[in-house]
> 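Got a structure for you, questions after.
The sequence lines fix the lettering, A, B, ..., with proteins before strands; numbering per chain opens at 1.
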Amino acid sequence: MTAMTSTHTPPASLHTPVIGWFEQHARDLPWRRPEAGAWGVMVSEFMLQQTPVSRVLPVYEQWMARWPRPADLAADAPGEAVRAWGRLGYPRRALRLHGAAQAITERHGGDVPSEHGQLLALPGIGEYTAAAVASFAYGQRHAVLDTNVRRVFARAASGIQYPPNATTAAERKLARALLPEEDGRAARWAAATMELGALVCTAKNEDCGRCPISGQCAWRLAGKPAHQGAPRRGQTYAGTDRQVRGRLLAVLRESVAPVTQAALDSVWEEPVQRARALDGLVADGLVEPLAGARYRLPLG
DNA sequence: GACACGTGGAA
DNA sequence: TTTCCAAGTGT
């Protein structure tokens with residue numbers, strides 16, 4: 001049971017100040033403008049998975065100028081999507097976005113579907129992204145649980161500094177309970193709570209002085225107790241297969257012509273790990289092996 | 001449920 | 001310099 005429900009605080013007392021704050025302080029992001037459309041919303045959601053807004057902005061603009069509709073992307077080679085992805089990281093997202101564009105073109109007449117279940121069936125779209133697109137692009141009522149919203153709810157409602165590592169049933173239940181009744185207001189609430197987590201109720205150095213619900217925040221009222229339990233597993237990177245994959249793919253992105261084995265071998269000393277990383281990229285469909293020990297981004 | 005999966009800026 | 005973190009998904 002959360003502090004919010006145990007004190008019987010009506011959600012409406014949270015909705016108005018949070019949505020009001022959002023109307024005053026929301027960033028003017030291109031995917032929030034009407035001209036972005038559902039496709040723009042969807043592209044931005046793929047790019048923003050684990051990647052900061054500041055790095056997404058320029059790539060998003062180039063992407064939408066080149067592929068303004070799903071069918072435009074679907075008609076191009078998947079390797080071009082990987083190349084245009086640049087250094088955003090997790091390039092499989094580019095491949096999945098390309099696959100989603102193909103599915104939209106084939107199954108949905110070229111229009112991003114509005115139904116949650118149809119969105120969820122597309123490659124690269126999971127629970128969060130399906131809810132986000134349905135909510136932000138189509139104004140529907142969904143619990144949109146990303147890392148920002150989960151942190152806001154953990155603090156404001158549950159009185160703890162950080163949410164659990166993985167989304168729990170209790171979090172989903174709480175998020176549904178806090179959702180405004182009316183569709184459009186629920187969609188604004190989703191965007192507003194996300195923005196609050198991104199700008200004010202941040203993971204570190206939160207700024208309660210600028211928070212519209214600081215007076216109702218269970219964590220703050222409890223004296224902002226520090227997170228209990230094991231520290232988060234720090235993701236090591238140097239020396240991992242991921243780093244090797246990143247270097248290999250960087251070489252392939254830079255070259256339109258097929259790349260030789262020697263060119264790829266030059267990015268990593270250790271041959272066993274290097275081969276394993278390259279095999280992994282091929283298995284993932286990010287790299288296409290050619291005759292004569294040459295490689296390129298996939299043509300499809 | 002645990003892990004793999006990129007990248008770069010900030011503290 | 002090291003660690004943490006950023007609008008997650010798929011296996």
> Any donor-acceptor pair, under 3.5 Å, between the side chain of A:Thr51 and the base of B:dG6, if you only look at N and O atoms?
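Such a pair exists between side chain and base.
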> Pick the closest DNA chain B nucleotide for A:Lys204 and for A:Gln243 by heavy atoms, then say which residue is nearer the 5' end.
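Looking at the nearest nucleotide for each, A:Gln243 comes out on the 5' side.
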> Side chain of A:Arg96 only, heavy atoms from C-beta on: which candidate in B:dT7, C:dG10, C:dG8 is closest?
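The answer is C:dG10.
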> Which part of the nucleic acid, if any, lies within contact of A:Leu97, taking any heavy atom under 4.0 Å across all strands shown: a base, the sugar-phosphate backbone alone, or nothing?
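Here A:Leu97 touches no strand at all.
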> Find the distance A:Leu120:CG to C:dG10:C1' and express it as a whole number of Å.
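One finds 12 Å between C1' of C:dG10 and CG of A:Leu120, rounded.
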> Does the side chain of A:Leu196 come within less than 4.5 Å of A:Phe22's, by heavy atoms?
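A side-chain contact under 4.5 Å is absent here.
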> When you look at NZ of A:Lys173, are more than 12 heavy atoms from neighbouring residues, nucleotides or ligands closer to it than 6.0 Å?
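Open.
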> Where the side chain of A:Arg55 is defined as all heavy atoms beyond and including C-beta, which of C:dG10, C:dA7, C:dA6 is the nearest nucleotide?
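Output: C:dA6.
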> Is the base of B:dG6 touched by the side chain of A:Arg242 through a donor-acceptor pair closer than 3.5 angstrom?
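Present.
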> What nucleotide among B:dC5, C:dA7, C:dC5 has an atom nearest to a side-chain atom of A:Tyr90?
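Closest of the options to the side chain of A:Tyr90: B:dC5.
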> Could you tell me whether A:Glu206 and A:Lys224 have a side-chain N and a carboxylate O separated by less than 4.0 Å?
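Looking at A:Lys224 together with A:Glu206, the answer is yes, because their closest N to O distance falls below 4.0 Å.
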> Taking the side chain of A:Arg245 as its heavy atoms from C-beta onward, which of B:dG6, B:dT7, C:dA7 lies nearest to it?
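Among the listed nucleotides, the one closest to the side chain of A:Arg245 is B:dG6.
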> Mind checking A:Trp85 for me? I need base, sugar-phosphate or nothing, with any heavy atom below 4.0 Å counting as a touch.
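The answer is nothing, as A:Trp85 stays clear of every strand by at least 4.0 Å.
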> Look at all strands and tell whether A:Arg87 reaches a base, only sugar-phosphate, or nothing, counting heavy atoms closer than 4.0 Å.
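Answer is sugar-phosphate: A:Arg87 comes under 4.0 Å of backbone atoms only.
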> So A:Gly126, base contact, sugar-phosphate only, or nothing? Heavy-atom distance under 4.0 Å.
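Result for A:Gly126 = sugar-phosphate.
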> Rounded to whole Å, how long is the line connecting atom OH of A:Tyr237 with atom P of C:dC5?
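It works out to 19 Å between those atoms.
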> What's the gap between C:dA7 and B:dA2 when it is taken at their P atoms, as a whole Å value?
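To the nearest whole Å, 22 Å.
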> If you assign A:Gly246 and A:Asn205 each to the DNA chain B nucleotide with the nearest heavy atom, which residue ends up on the more 5' nucleotide?
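Looking at DNA chain B, the more 5' nearest nucleotide goes with A:Gly246.
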> Could you check how far CZ of A:Arg92 sits from P of B:dC3, rounded to whole Å?
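To the nearest whole Å, that distance equals 16 Å.
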> Round to the nearest Å and state the distance from A:Leu57 atom CG to B:dG8 atom C1'.
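For the pair A:Leu57 CG and B:dG8 C1', the rounded distance is 15 Å.
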> Expressed as a whole number of angstroms, how long is the span from A:Arg247:CZ to B:dC5:C1'?
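Between C1' of B:dC5 and CZ of A:Arg247: 17 Å.
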> Distance check needed: C:dT9 C1' versus A:Glu45 CD, whole Å only.
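After rounding, the gap between these two atoms is 13 Å.
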> Between A:Gln50 and C:dA6, does any side-chain N or O lie under 4.0 Å from OP1 or OP2?
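The answer is no; no side-chain N or O of A:Gln50 sits under 4.0 Å from OP1 or OP2.
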> Consider only side-chain N and O atoms of A:Gln49 and A:Tyr128, and report whether a donor and an acceptor are under 3.5 Å apart.
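The answer is no; no qualifying pair exists.
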> Check whether any side-chain nitrogen or oxygen of A:Arg253 sits under 4.0 Å from OP1 or OP2 of B:dT7, and answer yes or no.
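Checking B:dT7 against A:Arg253, a side-chain N or O does come within under 4.0 Å of OP1 or OP2.
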> Over how many whole Å does the gap from A:Asp284 atom CG to C:dT9 atom C1' extend?
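From A:Asp284 CG to C:dT9 C1': 13 Å.
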> Using a heavy-atom cut-off of 4.0 Å across all strands, would you classify A:Arg150 as base, sugar-phosphate, or nothing?
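No contact.
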> At under 4.0 Å between heavy atoms, what does A:Leu88 touch on the DNA or RNA strands: base, sugar-phosphate, or nothing?
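Counting heavy atoms under 4.0 Å across all strands, the contact made by A:Leu88 includes a base.
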> Atom CD of A:Gln49 and atom C1' of B:dA4: how far apart are they, to the nearest Å?
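One finds 15 Å between C1' of B:dA4 and CD of A:Gln49, rounded.
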> A side-chain contact here means heavy atoms from C-beta on lying under 4.5 Å apart; do A:Glu195 and A:Arg32 qualify?
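A:Glu195 reaches A:Arg32 side chain to side chain.
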> Give one of base, sugar-phosphate or nothing for A:Ala203, where a contact means two heavy atoms less than 4.0 Å apart.
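The residue A:Ala203 makes sugar-phosphate contact but no base contact.
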> Do A:Thr16 and A:Arg185 meet the criterion of a side-chain donor-acceptor pair at a distance under 3.5 Å?
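Note: A:Thr16 and A:Arg185 side chains meet the donor-acceptor criterion.
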> Confirm from the modelled atom types if A:Arg93 and C:dT9 form a donor-acceptor pair under 3.5 Å, side chain to base only.
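By the distance-only test, no, there is no pair.
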> Taking only side-chain N and O atoms of A:Ser54, does any of them lie within less than 4.0 angstrom of OP1 or OP2 on B:dG9?
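No, A:Ser54 has no side-chain N/O under 4.0 Å of OP1/OP2 on B:dG9.
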> In terms of the angle between their ring planes, are A:Trp85 and A:Trp63 parallel, tilted or perpendicular, with boundaries placed at 30° and 60°?
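Correct class here is perpendicular.
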> So which one's nearest nucleotide on DNA chain C is more toward 5', A:Gly197 or A:Pro123?
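Closest to the 5' end, via its nearest nucleotide, is A:Gly197.
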> Under 4.0 Å, counting only non-hydrogen atoms across every strand here, what does A:Thr129 touch: a base, just sugar-phosphate, or nothing?
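The answer is sugar-phosphate, as A:Thr129 gets under 4.0 Å only of primed atoms, P, OP1 or OP2.
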